[in-house]
Amino acid sequence: MGSGELSSAALPRSFFDRPSHEVAPELLGRVLVHGAVAVRLTEVEAYGGPGEDPAAHTYRGRTPRNAVMFGPPGHLYVYFTYGMHFCANLVCLPEGSGSAVLLRAGEVVAGTELARARRSAGRPVADRDLARGPARLAVALGLLREHNGLDAILEGSPTGRPRESATMRQGRPADPATIRSGPRTGVSTAKDTPWRFWIDGDPTVSPYRAHVPRRRSTAATSVGEVPSS
């Protein structure tokens, strides 16, 4: 992974046992490994808990869809949106809290050819675009509905972890001086909350897009877009 540039040490569960807006900027530069593909995170968004953050899936409480967000920290919350895309999040705070960080973009640092094959569909894809955006990141890592709830922490996990397990690695934390924050992408409620964090100048960061009303108002755009009906 990066010829020794990135630490392969695993992140502890305690890293995620904090408010999501504290975890989010410290995730930048960390590496999520799933199978043969590893992505160094360059852009993330934090979402709060029930009754606290109207842009969060958990705002109205626990449902079968968002139940993983109420589980232990460090697990993957993978959801389907717009009838075509999966997005991946990492659960924060103690069990029962209902908070997470959306993984918006990253740099593929291992398994590039496999990530390219998943993303290309026969068309050329530039390295910078392999995981540039939450849906692209999930595709590059091969994350699907069945990975919802997957434990991404080695600490305290059962022995004999499956070959395709996910693991959060220390990576190379971003220099705090390069971290920027601003409004979250595409959410219509709490749209000015500056809980989107990214590494300034990194080519893999996705372009910011403000919310644009859609006819299908029940479609969710991110871990943050609660259906309006």
Side-chain angles (χ1 to χ4, degrees), residues 19-32 39-49 52-59 69 76-92 99-109 115 119 125-141 143 171-228:
S20 59
H21 65 278
E22 294 180 12
V23 173
E26 294 185 26
L27 271 175
L28 297 173
R30 312 295 187 168
V31 175
L32 177 58
V39 171
R40 179 175 180 263
L41 301 175
T42 59
E43 180 188 5
V44 295
E45 285 180 343
Y47 288 90
E52 168 190 274
D53 184 356
H57 281 180
T58 56
Y59 183 64
M69 287 181 72
L76 284 172
Y77 168 50
V78 181
Y79 68 90
F80 196 53
T81 185
Y82 286 137
M84 64 180 76
H85 301 306
F86 288 99
C87 295
N89 310 262
L90 286 160
V91 176
C92 299
S99 180
V101 174
L102 172 68
L103 310 182
R104 283 205 56 86
E107 172 195 8
V108 177
V109 293
R119 282 272 294 110
V125 178
D127 286 355
R128 64 174 284 177
D129 292 326
L130 289 174
R132 191 174 181 231
R136 292 175 175 180
L137 183 148
V139 171
L141 282 166
L143 294 173
R172 184 176 64 249
D175 180 345
T178 69
I179 296 176
R180 302 290 179 265
S181 66
R184 293 173 293 192
T185 298
V187 296
S188 60
T189 52
K191 59 185 178 182
D192 295 324
T193 302
W195 282 2
R196 172 177 170 254
F197 302 90
W198 68 94
I199 300 175
D200 190 35
D202 192 287
T204 65
V205 173
S206 66
Y208 170 74
R209 292 187 176 90
H211 172 73
V212 176
R214 299 173 63 94
R215 290 184 178 181
R216 293 184 62 200
S217 61
T218 57
T221 60
S222 70
V223 70
E225 191 62 14
V226 177
S228 59

S.K.: Going by heavy atoms in the side chains, are Y79 and H57 under 4.5 Å from each other?
M.R.: yes
S.K.: State, with a plain yes or no, whether a side-chain heavy atom of L76 is found less than 4.5 Å away from one of L143.
M.R.: yes
S.K.: Run L27 and V101 through side chain to side chain contact (heavy atoms under 4.5 Å, CB included) and show every step you take.
M.R.: CA-CA 9 Å; L27 271 175; V101 174; 3.8 Å; yes
S.K.: Please check if the side chain of E26 supplies one atom and the backbone of V23 the other of a donor-acceptor pair under 3.5 Å.
M.R.: no
S.K.: Rounded to the nearest 0.5 Å, what's the gap from CD on E45 to SG on C87? Could you check?
M.R.: 10.0 Å
S.K.: Residues in salt bridge (Lys or Arg N to Asp or Glu O under 4.0 Å) with R119, at least two apart?
M.R.: none
S.K.: Show the nearest heavy-atom pair for residues V187 and Y47, with the distance to one decimal.
M.R.: CG1-OH, 3.7 Å
S.K.: Would you check if V109 and V39 make a side-chain contact, meaning some heavy-atom pair closer than 4.5 Å?
M.R.: no
S.K.: What pairs with W198 under ring-ring contact (aromatic ring centres under 6.0 Å, His included), at least two apart in sequence or on another chain?
M.R.: none
S.K.: If every non-hydrogen atom of S20 is compared with every non-hydrogen atom of G48, which pair is closest and at what distance?
M.R.: OG-N, 4.1 Å
S.K.: How would you list, by chain and number, every residue that makes a side chain to side chain contact (heavy atoms under 4.5 Å, CB included) with A105, sequence neighbours excluded?
M.R.: T42, E43
S.K.: Using the side chain to side chain contact (heavy atoms under 4.5 Å, CB included) criterion, which residues pair with P25? Sequence neighbours excluded.
M.R.: I179, F197
S.K.: Are R196 and P183 side-chain neighbours, meaning at least one heavy-atom pair lies under 4.5 Å?
M.R.: no
S.K.: Have a look at R40 and tell me which of V108, I199, L28 forms a side chain to side chain contact (heavy atoms under 4.5 Å, CB included) with it.
M.R.: I199
S.K.: In a check of side chain to side chain contact (heavy atoms under 4.5 Å, CB included) between R136 and each of V125, L130, D129, which one passes?
M.R.: D129
S.K.: Any Lys/Arg nitrogen of R132 or D202 sitting under 4.0 Å from an Asp/Glu carboxylate oxygen of the other?
M.R.: no
S.K.: Atom SG in C92, atom CD in E22: separation rounded to 0.5 Å?
M.R.: 10.0 Å
S.K.: Of all the heavy-atom pairs spanning P134 and L102, show the shortest one and how long it is.
M.R.: CB-CD1, 4.3 Å
S.K.: So do the side chains of L32 and L141 get within less than 4.5 Å of each other, counting heavy atoms only?
M.R.: yes
S.K.: Is there a donor-acceptor pair closer than 3.5 Å between any side-chain N or O of R30 and the backbone N or O of R172?
M.R.: no
S.K.: With R180, which residues qualify under salt bridge (Lys or Arg N to Asp or Glu O under 4.0 Å), at least two apart?
M.R.: D200
S.K.: Heavy atoms, side chains only, cut-off 4.5 Å: are V44 and R104 in contact?
M.R.: no
S.K.: Grab the two heavy atoms, one from L137 and one from G106, that are nearest each other, plus how far apart they are.
M.R.: CD1-N, 4.0 Å
S.K.: Check the angle between the aromatic planes of H21 and W195 and answer parallel, tilted or perpendicular using the 30° and 60° thresholds.
M.R.: parallel
S.K.: Can you tell me which residue pairs pass the salt bridge (charged side-chain N to carboxylate O under 4.0 Å, His left out) test with a partner in residues 77-87, sequence neighbours excluded?
M.R.: none
S.K.: Search all heavy atoms of P54 against all heavy atoms of T189 and return the closest pair with its distance.
M.R.: O-OG1, 3.2 Å
